[in-house]
Amino acid sequence: MAKFVPQAELPVSEQAQIRRDKLAALQAEGRDPFVQTKFDFTTNSAAIKENYDAMEGQSVRVAGRLMGKRGQGKVMFCDLQDTAGRIQLFVKIDEMGEEEFNRFKKNDIGDIIGIEGEVFKTKTGEISIRTKAITLLAKSLLPLPEKYHGLTDKETRFRQRYVDLMVNPEVKQNFIIRSKFIKHMRNYLDNMGYIEVETPVLNTIAGGASARPFITHHNTLDIDMYMRIATELPLKRLIVGGMDRVYEIGRIFRNEGMDPKHNPEFTSVELYQAYADFHDMMDIAEGIFTTAAQEILGTYDVEWMGEKINLAPGWPRLTMVEAVKKYVGIDFGAITDDAEAVAAAKAVGVELADAAEKTWGNALYACFDQRVEEHLIQPTFITMYPVEVSPLTKRSPQDPRLTERFEFFICRSEMGNAYSELNDPIDQRARFQKQVEQRERGDDETEMMDEDFLTAMEYGMPPTGGMGIGIDRAVMLLTGTDTIREVILFPTMKPQD
């Protein structure tokens, strides 16, 4: 095989002009590639490699992007990248004819081409296509960045995901795994008798979670509307209406900070099951993740953010009181007084937020939030959250200061949140009112009063278990990526000047 020595790079603007000149010449010859409307291909690169013995010598048609050209004179070796991978093209003047061969030599890296040829192996044993005909389907007018080294700058990768996918084909695997996980989750819930539904993205009230919403304006109605921060309240209305098992996979929008685990718009699944509680939700959460690991990865063992994680069934379940006692050393179960609880938290350096009431429950949660989460590496359920931080959750019959709620954590990351849903409309109204008062004290991430939801509850809502799981973080875990931007095709980015 002839050795290929890349020539000195031209400035991008000069390269772009040369490509436009080539396009103009093609158009003048009546060979405008952009008039092509279709190319019937018969196979792809992966299928050829996987079935070489059966396909050897067969005529095939493939299409994709030209990613490499090597050789001079009368023989060229090229790389074609299609949806399934890459395959080598063997292009010889004797096979193509001089006119077509010379025309092909003018093609640039990045051009979209259709190929017809025969499957064979070169002398070095590489599965290739002996090219008989080449059709230019689209001209690439911009050169690919860092042509011989790939695109590595993360800012550019995330801003121009289309280029990232071209030059870093391994990136595509993250999104294949994402698609497989969502499909797996759908199948898991569908097989349990759940129904997938869709609820509004625009709402007149921001509810269902504690978060700062994005606000927009509806011109015809002349009202401000909120992009949803959760799907909880509409889904629970459906439970009231008699749809006993429902779920929704959809985009959520929260006007909050951006870091490796947060993006202003993200994807979640929320599911609700009548006549169930948070223990049933724990079983479902564990079941989705353990079966997904086996089905998609073929193993329970993954590496994520520098830690080795085992997703095998049997995840531990700790109450928040037990977790704080284990990792912080404070036994909130033996404390009954609010002031004593706040003082115990302060003694270990845990301060409550200014807007938070100085209560036993807020002190317990602050200790957990600031001191315990960092220890939760392996999959762990934390249960029985204080009522102050769980405005939509049913109180514990054993301790009314606590609620039947859990979050589950993997590698210090909260992966999902679930409740035995509050179905007492009187209690719900009182908790909404407390949230409203907290909002008036300056906390704009608290719940708003939702009168229609309260009306729905007053018709009677059965005991219900509900849960939300972040799709993006789940995919981060399964792909071993350390930033949410690696698993969102088009993450939110600050505009460039």
Side-chain angles (χ1 to χ4, degrees), residues 1-10 15 19 22 33 39-140 143-152 163-174 176 298:
M1 182 182 297
K3 185 177 180 181
F4 175 67
V5 180
Q7 297 178 351
E9 291 288 334
L10 296 171
Q15 290 187 57
R19 291 179 179 227
K22 288 182 179 181
F39 184 85
D40 291 318
F41 60 89
T42 61
T43 187
N44 61 51
S45 58
I48 292 172
K49 292 179 179 180
E50 291 167 6
N51 302 285
Y52 174 75
D53 289 343
M55 298 184 72
E56 183 182 11
Q58 286 190 13
S59 178
V60 296
R61 290 167 63 87
V62 297
R65 188 179 296 275
L66 187 62
M67 296 299 290
K69 295 170 68 177
R70 302 174 295 280
Q72 296 176 3
K74 298 180 178 181
V75 177
M76 297 184 68
F77 293 89
C78 306
D79 296 320
L80 182 77
Q81 180 169 293
D82 63 14
T83 187
R86 289 194 185 189
I87 193 164
Q88 180 172 266
L89 305 179
F90 176 76
V91 186
K92 190 176 181 182
I93 192 168
D94 294 344
E95 304 277 353
M96 295 272 296
E98 184 175 355
E99 183 178 352
E100 288 300 318
F101 182 83
N102 289 333
R103 183 174 288 114
F104 172 70
K105 287 175 67 175
K106 297 178 182 179
N107 283 7
D108 293 303
I109 303 300
D111 286 355
I112 308 293
I113 57 177
I115 299 294
E116 184 174 351
E118 293 177 358
V119 176
F120 83 113
K121 278 185 181 177
T122 63
K123 292 179 181 179
T124 60
E126 183 167 354
I127 297 172
S128 306
I129 299 175
R130 189 188 306 275
T131 306
K132 304 292 186 181
I134 299 174
T135 304
L136 181 60
L137 302 173
K139 183 69 185 168
S140 174
L144 298 183
E146 300 186 37
K147 184 174 176 182
Y148 305 108
H149 307 289
L151 180 63
T152 57
V163 181
D164 185 26
L165 291 166
M166 284 181 219
V167 300
N168 297 317
E170 69 280 0
V171 169
K172 184 178 178 181
Q173 185 61 24
N174 290 346
I176 291 174

Any residue meeting side chain to side chain contact (heavy atoms under 4.5 Å, CB included) with [X], in chain and number order, not counting sequence neighbours:
X    : answer
S128 : Q88, F120, T122, E126
T83  : K172
N44  : A46, A47, D82, A84
E100 : R31, M96, R103

> How close do F39 and A63 get, heavy atom to heavy atom, and via which atoms?
Replying inline: CD2-CB, 3.9 Å
> When you look at T43 and V119, which way does the side chain to side chain contact (heavy atoms under 4.5 Å, CB included) test go after all the steps?
Replying inline: CA-CA 11 Å; T43 187; V119 176; over 6 Å; no
Value rounded to 0.5 Å, distance of [atom1] in [X] from [atom2] in [Y]:
X   : Y    : atom1 : atom2 : value
R86 : Q81  : CZ    : CD    : 4.5 Å
F77 : T131 : CZ    : OG1   : 10.5 Å
K92 : R130 : NZ    : CZ    : 7.5 Å
K74 : F101 : NZ    : CZ    : 9.5 Å
I87 : D79  : CD1   : CG    : 10.0 Å
R19 : D111 : CZ    : CG    : 6.5 Å

Would you call [X] and [Y] a side-chain contact if the rule is heavy atoms closer than 4.5 Å?
X    : Y    : result
L89  : I113 : yes
I127 : E56  : no
L66  : C78  : yes
I129 : L80  : no

>> Does anything in residues 41-75 form a ring-ring contact (aromatic ring centres under 6.0 Å, His included)? List the pairs, not counting sequence neighbours.
In response: none
> When you look at NZ of K49, are more than 12 heavy atoms from neighbouring residues, nucleotides or ligands closer to it than 6.0 Å?
Replying inline: yes
> Are there more than 12 heavy atoms of other residues, nucleotides or ligands under 6.0 Å from atom CD of E98?
Replying inline: no
>> Using the salt bridge (Lys or Arg N to Asp or Glu O under 4.0 Å) criterion, which residues pair with K22? Sequence neighbours excluded.
In response: D108
> Could you go step by step and tell me if V91 and K69 meet the side chain to side chain contact (heavy atoms under 4.5 Å, CB included) rule?
Replying inline: CA-CA 10 Å; V91 186; K69 295 170 68 177; over 6 Å; no
